[in-house]
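Worksheet: one structure, shown below.
Just the heavy atoms: all of them, side chains too, but no hydrogens, waters or symmetry mates, feed the values below.
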Amino acid sequence: MLTETAYAKINLALHVRRRREDGYHELETLFAFVDDGDRLSGSPADADSLSTHGEFAAKIDDPFGNIVAKALSTLPHGKGWAVDLEKRLPVAAGLGGGSADAGAVFRMVERSAGLPGDWQTRAARLGADVPACVLSTTCIGTGTGTDLQPVESDLTGTPVLLVNPRVGVPTGPVFKAWDGIDRGEMPTGSVRRIALEGRNDLEAPAIAICPVVADVLAALRATDPFLARMSGSGATCFALYDSEAQLQAAWDKLAETQPNWWKMAGKLR
């Protein structure tokens with residue numbers, strides 16, 4: 001049996017540059033990954049199957065038509081696989097949860113049989129975040145986010161807290177609500193510098209659609225991180241801390257003041 005973690009994706013910076021004629025958006029983003037997430041296991045079987053459980057399994061409307069099944073069908077992997085998915089990440093949350101699950105499937109297939117040479121093209125057909133989630137390492141994404149450049153990260157090991165108000169925010173409406181203003185390119189330099197000097201251009205439209213995102217950001221910023229920002233198109237926000245003690249204090253504070261919000265603590269990979 002093969003096991004993999006579908007690492008939670010965060011966008012340390014996300015600059016939206018323009019709307020493209022094909023309906024997509026030209027992006028510059030800095031992907032990073034937390035050392036926790038959904039958990040998958042797979043073993044050879046007579047046919048592909050998928051079982052789901054975990055806190056957010058009920059949010060998957062069609063287990064057999066979801067991205068894990070699609071990832072299996074796009075890769076040669078023998079007669080079939082029985083895959084078990086423990087859904088620990090919230091859905092429509094800006095964490096690339098489904099894309100991370102697909103990325104975990106790609107890595108399991110890689111370990112079992114190897115990936116075809118065109119795996120990045122196959123991954124991109126499943127979603128713009130999937131190629132980055134296959135790698136699950138810090139990288140800069142351009143184009144629609146599928147053109148990747150892995151980078152050395154000076155933030156590896158940084159304590160991180162993820163918080164979601166248990167509200168799903170569909171990606172499409174957030175991008176549609178973006179005001180179309182190009183606020184400039186993503187900074188260059190170290191990962192820390194890009195994160196600190198960058199921005200997330202989808203924060204404002206996400207807050208307009210889902211005002212509680214602003215409450216999450218305010219709550220995180222009150223815990224003294226060196227950076228708090230929304231990830232992706234929301235509604236999950238993250239905070240980065242200089243020490244494990246600061247992270248624990250933030251966790252304890254939010255557990256007391258916002259016990260119903262979803263939280264996950266970890267480190268950047």
Side-chain angles (χ1 to χ4, degrees), residues 5-18 25-37 93-96 99-100 103 107 120 123-124 128-163 178 181-204 206 213 216-217 220-234 236-251 264-269:
T5 299
Y7 301 107
K9 177 268 314 176
I10 60 173
N11 302 85
L12 292 174
L14 176 54
H15 292 213
V16 185
R17 304 301 304 277
R18 67 181 180 91
H25 291 73
E26 198 75 22
L27 307 175
E28 296 171 0
T29 188
L30 178 58
F31 291 110
F33 292 85
V34 181
D35 61 357
D36 203 354
L95 297 174
S99 297
R107 292 194 300 277
Q120 283 186 286
D129 285 346
V130 176
C133 288
V134 175
L135 298 177
S136 282
T137 57
T138 306
C139 54
I140 291 171
T142 54
T144 59
T146 59
D147 300 327
L148 302 175
Q149 176 191 346
V151 291
E152 290 290 328
S153 178
D154 56 347
L155 291 181
T156 297
T158 297
V160 56
L161 177 61
L162 305 177
V163 178
W178 175 61
I181 297 174
D182 183 352
R183 292 172 171 81
E185 63 187 8
M186 198 167 66
T188 58
S190 68
V191 167
R192 187 184 183 98
R193 179 182 176 187
I194 295 171
L196 290 176
E197 296 182 8
R199 60 183 189 271
N200 184 344
D201 287 330
L202 297 180
E203 265 186 25
V213 171
V216 176
L217 285 170
L220 285 173
R221 286 168 181 155
T223 64
D224 198 30
F226 67 83
L227 177 65
R229 183 167 288 154
M230 189 185 80
S231 181
S233 55
T236 304
C237 301
F238 64 87
L240 304 181
Y241 299 91
D242 288 314
S243 70
E244 289 280 351
Q246 286 178 303
L247 170 62
Q248 186 62 54
W251 179 284
M264 178 177 279
K267 295 181 179 180
L268 293 184
R269 300 186 77 230

Check your understanding: Would Val16 and Leu27 count as a side-chain contact (heavy atoms from CB on, under 4.5 Å) if you check the C-alpha gap in whole Å, the side-chain angles of each, and the deciding distance to 0.1 Å?
Key -> CA-CA 5 Å; Val16 185; Leu27 307 175; 3.9 Å; yes

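A donor-acceptor pair under 3.5 Å links the side-chain atoms of His15 to the main chain of Arg199, judged by distance alone. No donor-acceptor distance shorter than 3.5 angstrom exists from the side chain of Asn11 to the backbone of Ala13, with no hydrogens or angles considered.
The minimum heavy-atom distance between Val34 and Gly266, with the atom names listed, is CG1-CA, 4.2 Å. Between Leu14 and Gly232, the shortest heavy-atom contact is CD2-O, 3.8 Å. Between Thr146 and Ala124, the shortest heavy-atom distance links the atoms CG2-CB, 4.0 Å. Across every non-hydrogen atom of Trp178 and Asp201, the tightest pair is CD1-O, 3.8 Å. Nearest heavy atoms, Ala100 versus Tyr7: CB-O, 3.4 Å. Minimum interatomic distance between Ser231 and Asn200 (heavy atoms only, all atoms of both residues): C-ND2, 4.0 Å.
Atom CG of Leu30 sits about 8.5 Å away from atom CD1 of Ile10, to the nearest 0.5 Å. Atom CZ in Arg229 sits 12.5 Å away from atom CG in Leu220 (nearest 0.5 Å). Atom CG of Asp242 is separated from atom OG1 of Thr158 by 8.0 Å, given to the nearest 0.5 angstrom. Thr29 contributes atom OG1, which lies 8.0 Å from atom CG of Asp129 (distance to the nearest 0.5 angstrom). Here NZ of Lys9 is found 11.0 Å from CG of Leu162. Values are rounded to the nearest 0.5 Å. Interatomic distance, Phe238 CZ to Leu95 CG, rounded to the nearest 0.5 Å: 10.5 Å.
Under the 4.5 Å side-chain criterion, counting only non-hydrogen atoms from C-beta, Leu161 is not in contact with Thr223. Put simply, the side chain of Ser233 reaches to within 4.5 Å of the side chain of Leu202, judged on heavy atoms. Annotation: side chain of Pro225 is not in contact with side chain of Gln246 (no heavy-atom distance under 4.5 Å). Looking at heavy atoms from C-beta onward, Val191 lies out of side-chain contact with Thr156 at the 4.5 angstrom threshold. Side-chain contact between Ser99 and Val130 is present, with at least one heavy-atom pair separated by less than 4.5 Å.
Here Ala195 pairs with Leu12, Leu155, Leu227 under the side chain to side chain contact (heavy atoms under 4.5 Å, CB included) rule; sequence neighbours left out. Remark: Glu185 engages Arg17, Glu28 in a side chain to side chain contact (heavy atoms under 4.5 Å, CB included) (not counting sequence neighbours). Legend: residues meeting side chain to side chain contact (heavy atoms under 4.5 Å, CB included) with Asp36, ordered by chain and number and at least two apart, are Arg39, Arg88, Met264. A search for salt bridge (charged side-chain N to carboxylate O under 4.0 Å, His left out) contacts involving Arg269 returns nothing, not counting sequence neighbours.
Annotation: side chain to side chain donor-acceptor pair (under 3.5 Å) contacts involving residues 188-198, sequence neighbours excluded, comprise Asp154-Ser190, Arg193-Glu197.
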Less than 3.5 Å apart, which donor and acceptor atoms pair up between the side chains of residues 131-141 and the rest of the protein, not counting sequence neighbours?
residue : atom : partner : partner atom : Å
Ser136  : OG   : Arg107  : NH1          : 3.2
Ser136  : OG   : Cys133  : O            : 2.7

